Amino acid sequence: MTAGQPEKRRDQRVITTLPVFLENATGVTRDVSASGVYFWTDGMCAPGEDISFSIELQTAGGRMIRKCQGEVLRAEPRGTHVGVAVRITESATEPA
């Protein structure tokens, strides 16, 4: 957050590195919350675009997959990768 600007996030972020699977690319999370995610990928994403992806989670009960639908809020090119901020609009978690 920048000084003087109000926090826009609805949910607390957790800094974590988890595998992300897109239709034609893979990535890794930087942080996640109940309503959004920021991840690095070598795939193409554009602001305003609808996106489907899955995040692999390790839980006490075993490996789980969180399948998500969302909207790309930002896409920030950094070298050969793109940092992607997504607002999650739908998600479901199921055993892997």
Side-chain angles (χ1 to χ4, degrees):
M1 177 169 70
T2 305
Q5 291 184 346
E7 176 64 55
K8 293 181 182 178
R9 292 180 186 89
R10 293 184 294 171
D11 300 301
Q12 183 177 1
R13 290 181 297 166
V14 176
I15 307 296
T16 187
T17 303
L18 300 168
V20 176
F21 304 95
L22 300 128
E23 186 175 324
N24 294 313
T26 59
V28 62
T29 62
R30 179 187 77 182
D31 58 68
V32 298
S33 74
S35 60
V37 63
Y38 188 98
F39 61 86
W40 295 101
T41 184
D42 54 2
M44 298 299 295
C45 296
E49 174 180 272
D50 290 331
I51 187 171
S52 298
F53 60 97
S54 299
I55 300 172
E56 184 177 316
L57 308 165
Q58 292 293 335
T59 71
R63 207 175 87 190
M64 303 291 283
I65 299 291
R66 183 177 180 197
K67 294 183 177 182
C68 303
Q69 302 288 319
E71 177 188 0
V72 175
L73 300 176
R74 291 188 321 277
E76 304 168 333
R78 294 276 180 356
T80 60
H81 293 89
V82 177
V84 182
V86 176
R87 179 173 42 93
I88 297 171
T89 55
E90 294 181 41
S91 70
T93 304
E94 57 190 51

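We number each residue from 1, following the sequence as shown. None of the values given here were measured: they were computed from a predicted structure.
- Gln58 CD: more than 12 foreign heavy atoms inside a 6.0 Å radius.
- Atoms CD and CG, from Glu71 and Asp50 in turn, are 7.0 Å apart once rounded to the nearest 0.5 Å.
- Taking both residues in full, the closest heavy atoms of His81 and Asp42 are given as CD2-N, 4.1 Å, listed atom of the first, atom of the second, then distance.
- The environment of CD in Glu94 is crowded: more than 12 heavy-atom neighbours from other residues, nucleotides or ligands sit within 6.0 Å.
- With rounding to the nearest 0.5 angstrom, the CZ atom of Arg30 is 12.5 Å from the OG1 atom of Thr16.
- Between Gly43 and Ala25, the shortest heavy-atom contact is CA-CB, 3.7 Å.
- Val72 and Ile55 fall within the same hydrophobic cluster, defined by Ile, Leu, Val, Met, Phe, Trp and Tyr side-chain heavy atoms under 4.5 Å apart, directly or through other members.
- Minimum heavy-atom separation, Val86 to Gly70: CG1-CA, 4.0 Å.
- With hydrophobic clusters built from ILVMFWY side chains whose heavy atoms lie under 4.5 angstrom apart, Leu22 does not share a cluster with Trp40.
- Counting heavy atoms from C-beta outward, Ile88 and Arg66 have side chains that approach closer than 4.5 Å.
- At most 12 heavy atoms of other shown residues, nucleotides or ligands fall within 6.0 angstrom of atom CE in Met44.
- Hydrophobic clustering (side-chain heavy atoms under 4.5 Å, transitive across Ile, Leu, Val, Met, Phe, Trp, Tyr) groups Val37 together with Leu18.
- A donor-acceptor contact shorter than 3.5 Å links the side chain of Thr41 to the backbone of Thr26.
- A ring pair (Phe, Tyr, Trp, His ring centres under 6.0 Å) check over residues 47-67, counting only residues at least two apart or in different chains, returns the pairs Phe39-Phe53.
- Residues Gln69 and Ser91 form no side-chain contact, since every pair of their non-hydrogen atoms from C-beta on lies 4.5 Å or further apart.
- Judged by distance alone, the side chain of Ser54 and the main-chain N or O of Phe21 form no donor-acceptor pair under 3.5 Å.
- Following chains of ILVMFWY side-chain contacts shorter than 4.5 Å, one can reach Met64 starting from Val32, so the two form part of one hydrophobic cluster.
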